[in-house]
Amino acid sequence: QALDLLGRKVTMERGRALELLGRDMARTLARARGTGDAELEDVLRAGTKRHPERVAVRIGYDEALSHLLQGGCDAILVPSRFEPCGLTQLYGLRYGCVPVVARVGGLADTVIDANDAAIKAGVATGVQFSDITPKGLLEAVRKTVQLYGQPEVWRRIQQAGMRADVGWQCSAVEYAALYRSQFEAA
């Protein structure tokens, strides 16, 4: 039984941490798609040549393919070094495709790490990692594989993610209240 891991809806740019995959990509990445930095595209193409049975790459943007892949994968890597919010992990949550994210910006805000307490409370929705290096990414993938090897725990993480309220309803009410309070204070 193998974990089907999707290398994020890849924006191949420096700082998006795709370079973390580098030579170790065959151990951590099953599929990648996207477009951007030519050097990073070449790294991915080389990976498909070295490991055609384990690595697939599609250069270019295809929204429909993105949703099909996330709907069919068990987990998705989102190793960004910076991310104000991002939709990739939100789509993953909705599809039951467990996000494996760098602990930055909106990724840290929208994915609840599968630590022991969060798992026991039934609120874990993904895996976060702080060490944004190849080693840190590999450790996060290993943790993900370990969680995947516990079907009951994995199912609870997927279900918590699919139930997560990632809409604007609550935030919109808070923003409206803040806006009104500024008028009342003026």
Side-chain angles (χ1 to χ4, degrees), residues 1-59 69-70 73-93 97-120 123-150 153-154 157-158 160-161:
Q1 186 176 14
L3 173 70
D4 193 5
L5 186 65
L6 170 64
R8 80 169 290 200
K9 177 177 145 184
V10 181
T11 303
M12 287 182 232
E13 299 170 356
R14 297 288 171 189
R16 290 287 187 168
L18 184 62
E19 64 268 25
L20 292 179
L21 298 174
R23 292 188 189 109
D24 293 330
M25 129 172 135
R27 287 189 288 176
T28 60
L29 183 67
R31 296 184 184 92
R33 61 168 202 74
T35 188
D37 186 294
E39 186 179 334
L40 294 175
E41 288 178 4
D42 290 344
V43 166
L44 290 171
R45 283 189 188 103
T48 64
K49 287 183 173 73
R50 282 192 310 273
H51 306 283
E53 71 289 349
R54 297 181 71 187
V55 179
V57 175
R58 165 109 182 240
I59 305 300
L69 287 171
Q70 287 191 59
C73 283
D74 299 302
I76 184 165
L77 293 177
V78 191
S80 300
R81 287 195 169 119
F82 53 87
E83 187 72 61
C85 180
L87 295 174
T88 302
Q89 80 282 6
L90 300 179
Y91 294 147
L93 290 170
C97 181
V98 176
V100 180
V101 304
R103 188 173 285 134
V104 297
L107 300 175
D109 294 339
T110 56
V111 175
I112 299 172
D113 185 52
N115 59 53
D116 290 340
I119 290 170
K120 286 177 185 164
V123 296
T125 61
V127 174
Q128 293 187 4
F129 63 100
S130 297
D131 181 14
I132 307 175
T133 64
K135 180 182 177 207
L137 177 60
L138 189 56
E139 287 173 8
V141 170
R142 285 184 178 139
K143 178 179 178 179
T144 303
V145 170
Q146 183 262 336
L147 291 166
Y148 183 78
Q150 302 172 63
V153 170
W154 187 259
I157 293 169
Q158 287 179 304

Checking side chain to side chain contact (heavy atoms under 4.5 Å, CB included) for the pair V141/L77: CA distance, chi angles, key distance, verdict? CA-CA 9 Å; V141 170; L77 293 177; 3.8 Å; yes
Side chain to side chain contact (heavy atoms under 4.5 Å, CB included) assessment of V127 paired with V101: CA-CA 6 Å; V127 174; V101 304; over 6 Å; no
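Residues L147 and I119 form a side-chain contact, since some pair of their non-hydrogen atoms from C-beta on lies under 4.5 Å apart. Using a 4.5 Å heavy-atom cutoff, the side chains of Q128 and N115 are not in contact. Between Y91 and C97 the shortest side-chain heavy-atom distance does not fall below 4.5 Å. Using a 4.5 Å heavy-atom threshold, the side chains of E83 and T88 count as separate.
How far CD of E139 is from CD of Q146: 13.0 Å, rounded to the nearest 0.5 Å. We find the CH2-OG1 distance between W154 and T144 to be 6.0 Å, quoted to the nearest 0.5 Å. Summarising the geometry, atom CZ belonging to R81 is positioned 8.5 Å from atom OG1 belonging to T133; distances are rounded to the nearest 0.5 Å. Taking CD1 from I157 and CG from D113, the interatomic distance works out to 9.0 Å, rounded to the nearest 0.5 Å.
Smallest separation of non-hydrogen atoms from S80 and A102: O-CB, 3.0 Å. Residue G126 comes nearest to V98 through the heavy atom pair CA-CG1, 3.6 Å, listed as atom of the first residue, atom of the second, then distance. Here the shortest heavy-atom pairing between A114 and A124 reads CA-CB, 3.5 Å. Of all the heavy atoms in K49 and P52, the pair that sits closest is O-CD, 3.5 Å. Across every non-hydrogen atom of P99 and T125, the tightest pair is CD-O, 3.4 Å.
Under the 3.5 Å distance criterion, the side-chain polar atoms of Q70 are matched with a main-chain donor or acceptor of G92.
In this view, Q158 satisfies the side chain to side chain donor-acceptor pair (under 3.5 Å) rule with no residue, not counting sequence neighbours.
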